[in-house]
Structure formats: structure tokens, C-alpha cells
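To start, the structure under review is shown below, and the notes come after it.
In this chain, numbering begins with 1 at the start of the sequence shown. Remember, it's 1-based here, ligands and their atoms both numbered in the order they're listed. Atom set for the values below is all heavy atoms of this structure, side chains included, hydrogens, waters and symmetry mates excluded.
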Amino acid sequence: MKDYPTEKIRNLVLLGHGGTGKTSFAEAALFVSGAINRLGKVDDGTTTSDFDPDEIKRKVSINASLLPVEWEGHKLNIIDAPGYADFIGDAYSGLAAADSAVIVVCAASGVQVGTELAWEMASERGVPRAILINRLDRENANFGTALDQVRETLSKRCVAVQLPIGSQESFGGVVDLIDMKAYLGEKGTEADVPADMASEVEARRAELLEVVAEEDEELLEKYLEEGDLTPEEIRKGLLLGIESGDVAPVFAASSTKTIGVAHFLEAITQFFPSPADATYKTEDGKELQADPNGPLAAQVFKTTADPYVGKLTYLRVISGTLKADSHVWNANHNIDERVGHLFVVRGKTEEPAQQLVAGDIGAVAKLAHTLTSDTLTTQDAGLKMAPIDFPDPVFSVAISPRSKADTDKMSTALARIVEEDPILKVQREPDTGETILSGLGESHVEIACEKMKRKFGADVTHQTPRVPYKETLTASTSSEYTHKKQSGGHGQYAKVTIAIEPAERGEGFQFVNKTVGGVVSKTHVPAVEAGVHEALNEGILTHNPVVDVRISLVDGKEHPVDSSEMAFKLAGSQALKQGALKAHPVLLEPIVNVRVKTPESYTGDLVSDLNGKRARVLGITPSDRVTVIDAQAPLAEMQHYATDLRSLTQGRASFEIKFDHYEEVPDHVAKKVIEAAQKDH
Ligand SMILES: Nc1nc2c(ncn2[C@@H]2O[C@H](COP(=O)(O)OP(=O)(O)OP(=O)(O)O)[C@@H](O)[C@H]2O)c(=O)[nH]1
Ligand SMILES: [Mg+2]
């Protein structure tokens, strides 16, 4: 691919609800621009973007792909992001690298949950936005209805700059409301505006004029006086509105029929800013310009790991020029990195490049220390961009190797997939000993497990994590035990009396020696403690550790020859086991703090769902856009909350969860847990 100067580059990310045609649009853009000579199909698994085996199998995008398109002397770095909630992490990656966002909407479904989320993500980042109403050739497609929904739910500043000619089967081109011409078929052949569209054209054009006129005082004055604007004036207002993020133009297309695609690419080059038009801020607020001769700052937005090719680091050069065969400074880890080969990437193909200028996007192979979000700079410049703000994981599974051979491979595989996907988290749960893998939902962690097998040969199984129950004793008692074995040879003897008392929640295990007169010698006391501790860890009811108890050694007896540490340990352990049964053992469960953010309309349903999960709702705080519900709930009831919340709100709500404390399990619930634990053993 040719080298393009910064001003000729456009970086855009395709966002939107799952299945609206983002990948198909990217494919159409490659086809129309001549980059590929066969139009691939998502359903056949032949698109340039969805090349990953998991994507081909499921016919959905899982990873963000980079798809540079050359158009009229410009390079459009199109980033095709996934739409489904489980894979939304890569939409954050894509957005971090882009200067503008195109939100793809299905002409038959209109505004969906994913549309609203995409709009919010892009608005929060303050990037210019466009709306592409796609799938206009489909049954039930209705541009007008979809457009009205966009204007109602997203913003009145979303305004059509095109109208489709024909609809569904007869969709054949677009009318450009700026220059009032029609563009027909795949090639966009210029023609007159069809006469039967006159009234629709007039109405939508009036909406456009009103919105763009408000971008500039002179335009507004002229519009109010004359009731019209020239194409040049409309363009001027549109440019201002798009750049400030105030106005989002709406376009019309069918990706699979490649209609409206060429015209849209043209509009991107005309109306959307190049990296040179923007100012970027480092983490500490220093302003940067996309100047190829400026200091180097390049931010990593994605990392892929391949067992054969190794690590590939995707980055966006913000300032300066990144050169092949050079040394750079990783500002996050304060370490030198050697850059070997640089690549321009298109889907799965990589083309070597000598350099990447400010504003461009590409990849580097085999960096040693660099992770997603890091900034590469020079030691002198020391520039660091704010890290990408990925969502926190909310769904966890326990994973274990399927066979012994997989055990060794599992930890390497885990390290690799976490490096690829910064949302995934791995940790060992100390109380249950399980390895916990957390992500955004069931599919997210399932695909991660499949990837571990396919790419790194580690076959793992996954299940709902065990709840780390604990036990405690609620009554005081004492217990005496004599360990005695004195038949022939060297015997064993130890006698202990212990007092058992409940302690405050959170105090753990305390051991006090209250014996007097050396009835148990100094060396044997720790043995008693060890025996007691061991028995407590084994649990009384469920094989979960007993906590929050105070054990005192109050009396004992030794034999001059037969007593040993081992004998006292056994006596301690048995004394505890027998005594604990009299001390009213109960089960404790972890209680978590839950914070749910939801549109107000779901509050009632969510509160009653939480009540059904034995939760205590602590507060409901309504605000402008979202209502915040704070609650405490048993972890045992919340393990599938990510899935439940999604189905209750169609994915409109989000939540956070954090361990808070342990509490006694109500009797009727405890009974079931105890039965299950005893059966398990
Ligand atoms: N009729 C018609 N079908 C389309 C059009 N664009 C996409 N599709 C179909 O819609 C389905 C989803 O298309 P994708 O391109 O995978 O949609 P996507 O937005 O990339 O989906 P995710 O990445 O999974 O969110 C596929 O079956 C496409 O063939 C279109 O313009 N017209
Ligand atoms: Mg896709």
C-alpha cells in the first residue's frame, strides 16, 4: 500500500447493535474501492474482517479488525468492531484508535439497545459521529421510520443527508440532499432526483437546513431570510457540526448490494476530520498534534497472540513517526522496546511497512514488554496517553485442565489470552483453590476457553465457581479427649480439655493456652493448636473452614514415656471435632455489594428480581439518565447475574459486584448446601 500523509488519513470505527451489517459494510467498502475482487459474505465465512475461526463458526464478529480502504487519494482505516455485548471490549479498543465513529443501524429493526450503547460510547469520547442506515434492500426495511427513531432516541441533531431511492427489493440508489442529485446502483451513476420523491425530499431537506444553519450565525441569518442555503453553505455548516460532535449526518446503504457505499466513502473523506485536524491530550494533559515530525507517541489498542507468528501489537500513531528497525520507549513500563518489522494490516494479511506516520494505524510484531493501552514514545519525550477505559468483568467460571497433559499448558495459555483480551481476568480463589476466569458473559469466557484449546493446546473445562462458604460455631462448650494406644511396644498418650467459644465475625481463629502448673508441657501445646486448627479447616458440616472461634486449652495430662507431639495433635483434633458438634455449628456465606445502573423503567422489575435473590436493597437513586440500585446479596445467588440482568433489561443495564462480608446462611438454604456437600464428599 502507498504511503499516505496525515491529512489524507481517516480513522473510523464501525459500531452498533449486533448483526446490523458492520462487517458486511467493511467488506463492501473493500470491494467498491477495488481492494478485493470478490465480495465475501458473513454467512459463508468469507469476509476479510471476520477471518477468525470462532467468528466464521458463529457468523458474528468477536474481534476488532483493521481494514484500510484506499479512496480517491485517501486512506480510510476502517475498524470493524463487534456488536454483541460479550465482545464489546474490542469496540472500546476500536474507538480508542479512531477519530470518528460510524454507527450502523438496521433499516428494518431501527434503533436497538446496541445502537444506544454505541451512541453513548462515542458521545462520551466526544468523537464525530455518523449514522449509516443499512440493509435497506431487506424485507421490512423502512428508512423513514428508522431515521425518526434515530432522531427521537439518539439526538435531534442526527439529520439525513441522503434519502434512499426505492425500498426493500427495489432499493436502487440514493438522493443526495446537499447537491440534490441522485446516485444510482453500485457505481453511483449520477441522475436527476426522481420526481415522485419531491415532497419527501423537501421535508427531509428542510430538517437538514435547520440543523446545519444553527452551526453558524451567518448561515442562520441567511436561512431565516431566504429559507434556503447553497450546497456550499450546507457543507460548511455540516463540517462545523460534525467536527464539534454536535451534528451526526445520516446515510443510506445496502452493504450486501453495495449500494450507497461509494457515496458514503466519499462523504467520509469530505466531511470527517483527518488526524491533523484534531488535538490529542496525554494523560497529564499535554496537547499533541498529529505532526509526523513531532515527538513520538503511539498507543497500543489491541494485541493478538499467535502460537506460530507470535505477538502482534496494533497501534495508532498519535504524534511523530514510528519507524521499522528502531528503538522506542514504553512509557508505561519504563523500558526500551526494539521495533523490528512494521506492518500495514488488512484483516489477516500483513504487508511490511517502513514507517507509520502520525495519524496512521498499523502493527508491530514481537514486542517483548508492551501490552494493550501502553504508549510507545522516546525516553526524551516521555509521552503517555490515558489508558483505554475497558469495562470490568462481571461473569466468572472456574476452569480446570481436562487432563494431566493440559495442566502445564493451562497457565501459559491463560497468560496469552489475557494478554490478547484486557477485559479477561484470571485469579486463584484462595478459599476454594479454584482458578477463576472472568469476562463479560457466558459466550465471552466460553470463547476464551475454546481459544486456549485451539491456539495453545490447553483443553480446559469450566463450571460455575464454588461458593467459598465458611462455618462457625455459635455456642460455648467444652470438650475432653484422651488419645491412648498402649498395647505393646512404645505407646501413645495424650489427654486434653478445650473450651470452645464463638468469636466476633471476621476475627478468624484464636488459640489460648490456659493450663497451669505445666500439665501439658511447652512443646506439646503447639501440637494441640495444630490439631485443632487442622480440624477446623476440615469443617464440621460441609468441609469448609470453621472461622471466628476462640479455642482455649484448659487442661490436659501427659504420660512420662508415651506422650508425643503427634499424640497431642491427634487429641486436639478429636477434642475439637467432638466438641464442635455440641457448639451449634452453622454455615456462613459471602455477601457482596451490588450496584446496578439501569434505565428508570426497569427499576421495579430489578428490585423484585433482587428480592427473589435474597438481596437487601439499600438504596435507589434516580438521576438524569440512569437509576442506581445499591444492594447486598449472597454471592451464591449472584453467579449468573450478568445473564439475568441482560435478559431482564435487554442489555440496557450494567452492574458491579464486590465482596463485603460473611453472614449466616438461613436454615432452609443451609440445609440444601449441607446435603449437597455431604453427597459430594
Ligand atoms: N439484506 C441485507 N443483509 C445484510 C446487509 N448487511 C448485512 N446483512 C446481513 O446481516 C447479517 C449480519 O451482518 P454482519 O455484517 O455480520 O453484521 P455485523 O454488524 O458485523 O454483526 P456483528 O459484528 O456480529 O455485530 C448477515 O447475514 C449479513 O449478510 C444488507 O445491506 N442487506
Ligand atoms: Mg461484524
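Annotation: atom 18 (P) of ligand 1 to nearest protein heavy atom, Lys22 N, 3.4 Å. Nearest protein heavy-atom contact of atom 31 (O) of ligand 1 is Ser255 N, 2.8 Å. Scanning the protein for heavy atoms near atom 13 (O) of ligand 1, the closest one is Ser24 OG, 3.6 Å. Remark: minimum distance from atom 29 (O) of ligand 1 to any protein heavy atom is reached at Asp43 OD2, 3.1 Å. The protein non-hydrogen atom at the shortest distance from atom 6 (N) of ligand 1 is Asn134 ND2, 3.2 Å. Protein heavy atom closest to atom 1 (N) of ligand 1, with residue, atom name and distance, is Asp137 OD2, 2.9 Å. Considering only non-hydrogen protein atoms, atom 24 (O) of ligand 1 sits nearest to Ser61 N, 3.1 Å. The shortest contact between atom 22 (P) of ligand 1 and any protein heavy atom is with Gly19 N, 3.6 Å.
Val193 approaches Met180 most closely through the heavy-atom pair CG2-O, 3.4 Å.
A heavy-atom separation below 4.0 Å is found between Arg138 and ligand 1. The closest approach between any non-hydrogen atom of Thr20 and ligand 1 is below 4.0 Å.
Phe395 and His640 have tilted rings, their planes meeting at an angle from 30° to 60° on a 0 to 90° scale.
An N or O contact shorter than 3.5 Å links Gly21 to ligand 1 by distance. Taking only nitrogen or oxygen atoms, main chain and side chain alike, Val60 does not reach within less than 3.5 Å of ligand 1.
For Phe143, there are no ring-ring contact (aromatic ring centres under 6.0 Å, His included) partners two or more places apart in sequence or in a different chain. Pro273 meets the side chain to side chain contact (heavy atoms under 4.5 Å, CB included) test with Pro128, Asp277; sequence neighbours excluded.
For Thr23, heavy-atom contacts with ligand 1 shorter than 4.0 Å involve the backbone as well as the side chain.
Looking at heavy atoms from C-beta onward, Arg235 lies out of side-chain contact with Leu238 at the 4.5 angstrom threshold.
Evaluation of the ring-ring contact (aromatic ring centres under 6.0 Å, His included) test over residues 162-186, restricted to residues two or more places apart or in two chains, returns Tyr183-His263.
If you check each of Glu27, Glu55, Arg135 against atom 11 (C) of ligand 1, the one with the closest non-hydrogen atom is Arg135. Relative to atom 3 (N) of ligand 1, the option among Asp90, Asp80, Thr256 with the closest non-hydrogen atom is Thr256.
Near Gly18, meaning under 4.0 Å from one of its heavy atoms, ligand 1 places the atoms 25 (O). Under a 4.0 Å criterion applied to the non-hydrogen atoms of Val42, ligand 1 contributes the atoms 14 (P), 15 (O), 16 (O).
Near the Mg ion (ligand 2), less than 2.8 Å away, sit the protein N, O or S atoms Thr23 OG1, Ser61 OG.
Side-chain atoms of Thr649 and Thr598 form no donor-acceptor pair, as typed in the model, at a separation below 3.5 Å.
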